[in-house]
Undergrad: 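Got a structure here, written out as C-alpha cells. Questions coming.
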Amino acid sequence: METIPASPPAPATPSVPSAAKPATRKSRWWLESNRVGRFAKKHALIACLLAVASLAGRAALLPFIPIPEPGIQDEFSYLLAADTFASGRLTNPTHPLWAHFETIHEIMRPSYQSKYPPAQGLALALGQAVFGHPWFGVWLSVAAMTAAIYWACAGWLPSRWALLAGVIALLKVGMLTYWSNSYWGGAVAAGAGALVIGAVPRLRRAPSFGNALILAAGLAVLANSRPLEGALLGLGAMGVLLYYRVSLRRLWAPLALVLIPAGAWMLYYNYRVTGNPLDTPYASHYRQYDIGTPFIWDGKARPQPPVQNAHIREVHRWEYESRAVESTAIMRLVNLRLLSQLYLGIPLSIGAICVLPFIRWWRLRTGPLLAMSLPMVLSLLTLVWVSPHYAAPAAAAYYIVGVVVLRRIFHVWPMVTQCVVVFILLHAMWQYRDPATQWLYDKRDFIAARRSVLQKLEQVPGKKVVFVEYAPGHDVNQEWIYNRADIDRSGTIWAHEMGPEKNQELIKYYPDRQFWRLVAFGKGRVELTRLGAGVE
C-alpha cells in the first residue's frame with residue numbers, strides 16, 4: 001500500500017503589526033476623554049449650564065464683591081435711561097430750569113434722556129422693574145451673553161473645543177470683569193454679536209427659518225447698542241453668506257419679520273427723544289455740546305456750541321484737548337493691551353501673535369470668521385478713545401480664534417497647551433484684582449465720597465437740593481450732577497452752583513426743600529454744608 005505523504009505544515013501566519021490594530025491610546029489630557037466628548041455634544045445643556053454658572057457664581061460672590069455703585073459718567077447716563085424705561089416712558093419732558101441740571105452724556109433738550117442707544121438702558125430697566133435694582137439687569141445680560149458666546153463657538157469649532165471656549169468666556173467675562181461690576185459694560189452687545197457670528201456657519205450649512213431669525217435678532221440688538229460696530233459686523237456676515245451662495249430667498253422673510261419692526265421702533269424712539277425720526281440722541285448731543293469728533297483723522301475743532309454752564313463747557317473743552325494724548329501710538333498700544341487682557345489674556349494673545357502668521361486661515365472653516373469680523377475690529381483703530389466694550393460685538397470671534405490657536409499649538413506641544421489653558425483659567429479668576437480690566441478710571445475715591453455724602457443727607461429728614469461747586473483743579477471725570485428721570489419727585493436733586501441770581505430760581509421753584517452746598521475738590525475730597533432759609 002502506497003503511503004500518502006503528510007501535507008506540509010501550513011506556513012505560520014505573520015503577526016499583524018501593531019499599527020493595523022491600534023491599541024486604545026490613553027488620553028493626553030482631559031479634553032480628549034470619551035466622557036467629555038459625549039458631554040460636549042449636548043450643546044443646549046452646556047449653554048444653559050454656563051448661563052446658570054454665571055448667575056450662581058456672581059451671586060455667590062456678592063458677600064465679597066457687593067452690588068456695584070456707579071462712578072463713571074457713562075454709568076449715570078445709562079441709569080437715567082433705565083429709570084426712564086422702568087417708569088413706562090421713552091423719554092422725559094425738559095425741565096423748566098434745565099440749565100441747572102445739565103451734565104455729561106445726557107441731553108436736556110428737546111427732551112431729557114441719555115444720549116446712548118437704548119439697549120443697555122432696557123436691560124438695566126428690566127432689573128429695576130423686576131428685581132428692584134438695575135444691577136440685576138447686568139447680572140441677567142452677562143449670563144445670556146455667556147450662553148450666546150458658547151452657542152456661537154459651537155457653530156465654528158468641534159464640540160470639545162467649543163466647550164473649552166465657553167468655559168474660558170465664562171471665566172474671562174462671565175463673572176468678574178467690569179462688564180458684570182458696572183453699568184456700562186458690553187454684555188448686551190457681545191451677546192447680540194454672538195448671535196450673528198453663530199448664525200452664519202449654521203446658515204451656510206443649512207439655511208433655516210429659525211437661524212435666520214436669530215441672525216436678525218442679533219442685528220436688531222446691535223443696532224440699538226453698538227450701531228457702528230454692529231453695522232460693520234452685519235455687513236461682514238451678509239458678505240460671507242453671499243460669498244458661499246446661501247440662498248437669500250429663505251432669509252429675507254425672517255430678516256424682514258424682525259428688522260422692519262425694529263427699524264420702525266428705532267425711528268419712533270428717535271422721534272420721541274429728539275423730535276426727528278432720523279436724528280439720534282447721540283447726534284443731537286454732539287451738535288449741542290461736542291467740539292471734536294471721535295475719529296482720529298478728524299482733529300479739527302469746530303466752534304464750541306453755546307452752553308450756559310461754565311463747568312459743562314470746561315469738560316467738553318478738556319475732552320477735545322486730551323485727544324492729542326489719546327491719539328499717540330503709545331495709547332494705541334495701551335488700548336490693545338486692555339483689549340487683549342479682557343478677552344483672551346496675555347498668554348493666549350502672545351500665542352495668537354506668534355502662531356497666526358503660520359495658519360492658513362483660508363483653508364480652515366474658521367477663515368470666513370476673520371473676513372466678517374476684522375473690518376469691525378480694525379474700525380476701532382480709527383477712534384480716539386477705545387474701551388474694551390467697544391469691541392464687544394466681536395467677543396465670540398476672539399474666543400474662537402484663541403481656541404483655534406490652542407488647537408494648533410496642541411498638535412505640536414500638547415503639554416504647553418495644557419499649561420497655557422491652566423494659566424488662562426487661573427488668571428481669569430484673579431482678574432477682578434487687576435485695575436486694568438476692572439476699572440478703566442480710578443473711581444474708588446469718588447464712589448466713597450459720594451456714598452458718604454448720600455448717607456449724611458439721608459440722615460436728615462426732608463427733601464433736598466444740593467448746589468454743587470467745582471473747585472479749581474477738580475477732576476472732570478468725577479461728575480456730581482446726575483438726577484433721576486423725574487427730577488421734581490427725587491428725594492435729592494443735584495444742581496449746578498450758578499451764582500445768586502440763578503440759584504434763586506431754584507429756591508423759589510422748590511419752596512418746600514432744604515438747600516445744601518457741596519464743594520468738590522477732586523480725589524474724593526468734598527465739603528458739604530447746609531444753607532439757611534432764603535440764602536443765596
Undergrad: Among Tyr78, Tyr116, Tyr286, which one satisfies ring pair (Phe, Tyr, Trp, His ring centres under 6.0 Å) with His105?
TA: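 Testing each of Tyr78, Tyr116, Tyr286 against His105, the sole residue satisfying ring pair (Phe, Tyr, Trp, His ring centres under 6.0 Å) is Tyr116.
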Undergrad: Is a side-chain N or O of Glu229 found less than 3.5 angstrom from the main chain of Met376, in a donor-acceptor match?
TA: no
Undergrad: Contact between Pro281 and Gln113 at the side-chain level, heavy atoms closer than 4.5 Å - yes or no?
TA: no
Undergrad: Taking all non-hydrogen atoms of both residues into account, name the closest pair between Ser225 and Val221 and its distance.
TA: OG-O, 2.8 Å
Undergrad: Is there side-chain contact between Val273 and Leu90, with heavy atoms separated by less than 4.5 Å?
TA: no
Undergrad: What's the separation between atom OG in Ser373 and atom CG in Leu378, rounded to the nearest 0.5 Å?
TA: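 The OG atom of Ser373 sits 9.0 Å away from the CG atom of Leu378.
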Undergrad: Keeping the roles fixed (side chain from Thr274, backbone from Asn276), state whether a donor-acceptor pair exists under 3.5 Å.
TA: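 Flag set: sc Thr274 to bb Asn276 pair under 3.5 Å.
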Undergrad: Give a yes or no on whether Phe209 atom CZ has more than 12 heavy-atom contacts from other residues, nucleotides or ligands under 6.0 Å away.
TA: yes
Undergrad: If you round to the nearest 0.5 Å, how far is OG of Ser77 from CD1 of Ile72?
TA: 13.0 Å
Undergrad: So, the side chain of Trp139 versus the backbone of Ser180: is there a donor-acceptor pair under 3.5 Å, distance only?
TA: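 Side chain of Trp139 to backbone of Ser180, a donor-acceptor pair under 3.5 Å: no, none is there.
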Undergrad: Could you tell me which non-hydrogen atom of Arg204 sits nearest to which non-hydrogen atom of Val246, and how far apart they are?
TA: CA-CG2, 3.8 Å
Undergrad: Is the distance between the ring centroids of His389 and Trp179 under 6.0 Å?
TA: no
Undergrad: For the residue pair Ala220 and Val258, what are the closest heavy atoms and their distance?
TA: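 So the two residues come closest at CB-CG1, 4.2 Å.
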Undergrad: A side-chain contact here means heavy atoms from C-beta on lying under 4.5 Å apart; do Asp83 and Leu79 qualify?
TA: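 Side-chain contact under 4.5 Å: no.
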Undergrad: Determine whether a donor-acceptor pair (N or O, by modelled atom type, separation under 3.5 Å) exists between the side chain of Asn211 and the backbone of Pro207.
TA: no
Undergrad: Has the side chain of Tyr112 got a donor or acceptor atom that lies under 3.5 Å from a matching backbone atom of Glu106?
TA: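 Looks like no, no N/O pair under 3.5 Å.
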Undergrad: Could you go through Phe76 and Thr103, starting from their C-alpha distance and side-chain angles, then the distance that decides it, and tell me whether this counts as side chain to side chain contact (heavy atoms under 4.5 Å, CB included)?
TA: CA-CA 10 Å; Phe76 291 103; Thr103 189; over 6 Å; no
Undergrad: Determine yes or no for a side-chain-to-main-chain donor-acceptor pair under 3.5 angstrom, with Arg205 supplying the side chain and Gly155 the backbone.
TA: yes
Undergrad: Please determine whether side chain to side chain contact (heavy atoms under 4.5 Å, CB included) holds for the pair Leu267 and Leu278, giving the CA-CA distance in whole Å, both sets of side-chain angles, and the decisive distance to 0.1 Å.
TA: CA-CA 7 Å; Leu267 294 174; Leu278 301 179; 4.0 Å; yes
Undergrad: Can you name the closest pair of heavy atoms from Thr94 and Arg109 and give their distance?
TA: OG1-CA, 3.9 Å
Undergrad: I'd like to check Val188 versus Met145 (side-chain heavy atoms, cut-off strictly below 4.5 Å). Are they in contact?
TA: no
Undergrad: Set out, in order, the CA-CA distance, both residues' side-chain angles and the distance that settles side chain to side chain contact (heavy atoms under 4.5 Å, CB included) for Ser284 and Lys115, then state yes or no.
TA: CA-CA 8 Å; Ser284 177; Lys115 77 171 188 178; over 6 Å; no
Undergrad: Show, in sequence, the C-alpha distance, side-chain angles and deciding distance for Lys172 and Thr177, and conclude whether the side chain to side chain contact (heavy atoms under 4.5 Å, CB included) test is met.
TA: CA-CA 7 Å; Lys172 290 296 293 181; Thr177 64; 5.8 Å; no
Undergrad: Quick check against the 3.5 Å criterion: does Trp135 have a side-chain atom that pairs as donor or acceptor with the backbone of Glu69?
TA: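 Side chain of Trp135 to backbone of Glu69, a donor-acceptor pair under 3.5 Å: no, none is there.
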Undergrad: Strictly distance-based, threshold 3.5 Å: is any side-chain N or O of Gln128 a donor or acceptor partner for the main-chain N or O of Leu124?
TA: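 Not a single qualifying donor-acceptor pair exists.
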Undergrad: How long is the gap from OH on Tyr269 to OG1 on Thr280, to the nearest 0.5 Å?
TA: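 Between atom OH of Tyr269 and atom OG1 of Thr280 there are 10.0 Å.
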Undergrad: Which heavy atom in Gly186 sits nearest to a heavy atom in Ala392, and how many Å separate them?
TA: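 The pair with the smallest heavy-atom distance is O-CB, 3.4 Å.
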Undergrad: How far does OH of Tyr482 sit from CD1 of Ile104, to the nearest 0.5 angstrom?
TA: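 Tyr482 OH to Ile104 CD1: 5.5 Å, rounded to 0.5 Å.
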Undergrad: Using modelled atom types only, decide if a donor and an acceptor are shared between the side chain of Ser54 and the backbone of Met175 within a distance under 3.5 Å.
TA: no
Undergrad: Are Tyr398 and Val377 packed together at the side-chain level, in the sense that at least one heavy-atom pair is separated by less than 4.5 angstrom?
TA: yes
Undergrad: Would you say Arg58's side chain and Asn181's backbone share a donor-acceptor pair under 3.5 angstrom?
TA: no
Undergrad: Give a yes or no on this: more than 12 heavy atoms of other residues, nucleotides or ligands lie within 6.0 Å of atom CH2 of Trp252.
TA: no
Undergrad: Would you say that Asn224 contacts Leu122 through its side chain, given a criterion of any heavy-atom pair below 4.5 Å between the two side chains?
TA: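 Asn224 vs Leu122: side chains apart.
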Undergrad: For the residue pair Ala165 and Leu157, what are the closest heavy atoms and their distance?
TA: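 The answer is CB-CD1, 4.3 Å.
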